[in-house]
K.L.:
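This is the structure I have questions about; it appears just below.
Computed from a predicted model, the values in this text were never measured in an experiment.
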Amino acid sequence: MAVLVAVAATVVVGISTARAYTPSPLSRSGPEVAKDALPRLNFLRSELRSGGGEEMQALFPEGYFFTHVLYGLSWINVGALDPDHRDEALREARWALSRLESPAGSGPFPADAEPAYGVFYTGWTTWLRGRIVELSGGPEEAPDDTRALRAAATELGDAFDTALDAGTPYLTAYPGQAWPVDSVVAVAALQLDDRIHASDAHADTITAWKRAVNARLDPKTGLIPHQVDAVTGQPLQGARGSSQTLLLRFLAEIDPEWAAEDYRTFRSHFASDIGMLPGVREYPRGDDSPGDVDSGPLIFGLSASASTVALGDAVLFGDQPTAAALTGLAEATGMAVESGGRRFYLGGLVPVGDAFLVWSLTAEGETAAPDPAPTTETATWWRVPWHIGTGVTLLLLSAAALYSWRHARRHHHTRSPADRSTP
């Protein structure tokens, strides 16, 4: 038994060690990244078509929504990275959008909000529809989606104009509750609508919104806050990793230079200060507050969800050291299994996590922001402590196995012939 345990542990550690050196998307070509994403998306497709979204909704806020919308957006990225998959990507993204527009998709959100179902729902669905139009080839190639996009963007623009006139740049996701990340997604959708139509229909709204946001930044970090007062837009909670990693992805569409600067600031405050764990903190360094429903459980202050989304930021901003470290960490700890053309993590128990990961890995399929200045916040030697720890563990297991083996053989040889014949 000791030998079997030692052998099994060696196999697991060997696989984990090899996967820690998985190249990041920035080290691979677009078609290579798309090929790697396909088995992940095959897993999500089978899960979503067999009720996986509903299961995620029972476990996480917006679990149904996130799993579907990220599935659709990841397919769009795959179609952009490899045109050979364009038709399948559009088909699957449209299916995901139809599921979001079904009663199951819109049901958790307030129908009487402005815009309808709140800024979270409308922002993400409008962004997905815009990406569909973009991958289709533009308004002429997807006229129905384009009309729906303009209608949704107009509703969003009007809602932002009303909110700005009332004194806040942030719309509510639920009655009396506003999270800036949701409004960043929605304003990115306005910018995308203008880019697709080669117009400046929302330019004045976006300019006023940026001015109002910059007047209400988190005083501690200078970043967009996590939660704000729904009436005034003033910060209630400072910047946090779970929302920063998401909003930076969309701020790159609104204002690439602003996004690149905030990415550098974010890394300086939220990059892991634990050398062997190159993840992302949920709170700025020096703040060891506990996790909550937004962050999930924290490990030494690090958020698994924020770290997964931060991989996409690193890819989008061309931060090769961080992208390499976060890719290696995800592959080393996720215990991925690939079978039957499907690849899944943690036994396939949390498909929404797989959706966030494939969305991050395919981030090059989006419009990239200017490269940030080189960062020294990511330790390139982060694997060394892992290797030392696992090496020592394997040596102890091997020593225990050898001792057990010798003890068993010695006991066998010292038994008398009579003993050996005794059952």
K.L.:
Are the side chains of W179 and S243 in contact, using a 4.5 Å heavy-atom criterion?
P.N.:
no
K.L.:
If you round to the nearest 0.5 Å, how far is OH of Y117 from OG of S106?
P.N.:
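It is 4.0 Å, given to the nearest 0.5 Å.
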K.L.:
In terms of side-chain heavy atoms, does D218 have a donor or acceptor partner in H226 at a distance below 3.5 Å?
P.N.:
no
K.L.:
Between the side chains of D319 and Y263, does any donor sit under 3.5 Å from an acceptor?
P.N.:
yes
K.L.:
Dump the intermediate steps for side chain to side chain donor-acceptor pair (under 3.5 Å) on R285 and H269, then the final yes or no.
P.N.:
CA-CA 6 Å; R285 292 177 178 180; H269 286 284; over 6 Å; no
K.L.:
So, taking the atom named CD in Q320 and the one named OG in S27, what distance separates them when rounded to the nearest 0.5 Å?
P.N.:
4.0 Å
K.L.:
Supply the atom-to-atom distance W124 CH2 to L73 CG, rounded to the nearest 0.5 angstrom.
P.N.:
6.5 Å
K.L.:
Y174 and Y121: aromatic ring centres closer than 6.0 Å?
P.N.:
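No, ring centres 6.0 Å or more apart.
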K.L.:
Using a strict threshold of under 4.0 Å (side-chain N to carboxylate O), is an ion pair present between D262 and R267?
P.N.:
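Not counted as a salt bridge, because no side-chain N and carboxylate O are separated by less than 4.0 Å.
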K.L.:
Side chains of R264 and E261: closer than 4.5 Å at any heavy-atom pair?
P.N.:
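The answer is yes, as the side chains (C-beta and beyond) meet within the 4.5 Å cut-off.
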K.L.:
Is the ring pair F120/F65 parallel, tilted or perpendicular, if the boundaries are 30 and 60 degrees?
P.N.:
tilted
K.L.:
Flag yes if more than 12 heavy atoms outside D204 fall under 6.0 Å of its CG atom; otherwise flag no.
P.N.:
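No, CG of D204 has 12 or fewer neighbouring heavy atoms, counting only those of other groups under 6.0 Å.
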K.L.:
Report yes if the side chains of R131 and N77 come closer than 4.5 Å at any heavy-atom pair, otherwise no.
P.N.:
yes
K.L.:
Answer yes if the side chains of T126 and E155 hold a donor-acceptor pair under 3.5 Å, and no otherwise.
P.N.:
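There is no such pair between these side chains.
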K.L.:
State, without any angle test, whether R342 and S46 hold a side-chain donor-acceptor pair at a distance under 3.5 Å.
P.N.:
yes
K.L.:
Got a salt bridge between D82 and R86, using NZ or NE/NH1/NH2 to carboxylate O under 4.0 Å?
P.N.:
no
K.L.:
Considering the options F356, Y71, F60, which one meets the ring-ring contact (aromatic ring centres under 6.0 Å, His included) requirement together with F66?
P.N.:
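Filter result, single survivor: F356.
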K.L.:
Please tell me whether H85 and W75 form a close aromatic pair, meaning their ring centres lie under 6.0 Å apart.
P.N.:
no
K.L.:
Above 12 or not: heavy atoms from other molecules or residues under 6.0 Å from NZ of K35?
P.N.:
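Result for NZ/K35: open.
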K.L.:
Got a sec: does the CD1 of I299 have more than 12 other heavy atoms crowding it under 6.0 Å?
P.N.:
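No.
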K.L.:
For Y345 and R343, does a side-chain donor sit closer than 3.5 Å to a side-chain acceptor?
P.N.:
yes
K.L.:
Got a second to check how far F266's CZ is from Q244's CD, nearest 0.5 Å?
P.N.:
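The CD atom of Q244 is 6.5 Å from CZ of F266, to the nearest 0.5 Å.
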K.L.:
Atom CG of L100 and atom OG1 of T125: how far apart are they, to the nearest 0.5 Å?
P.N.:
7.0 Å
K.L.:
Between R249 and D313, is there a side-chain N and carboxylate O pair less than 4.0 Å apart?
P.N.:
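A salt bridge is absent here (no side-chain N lies under 4.0 Å from a carboxylate O).
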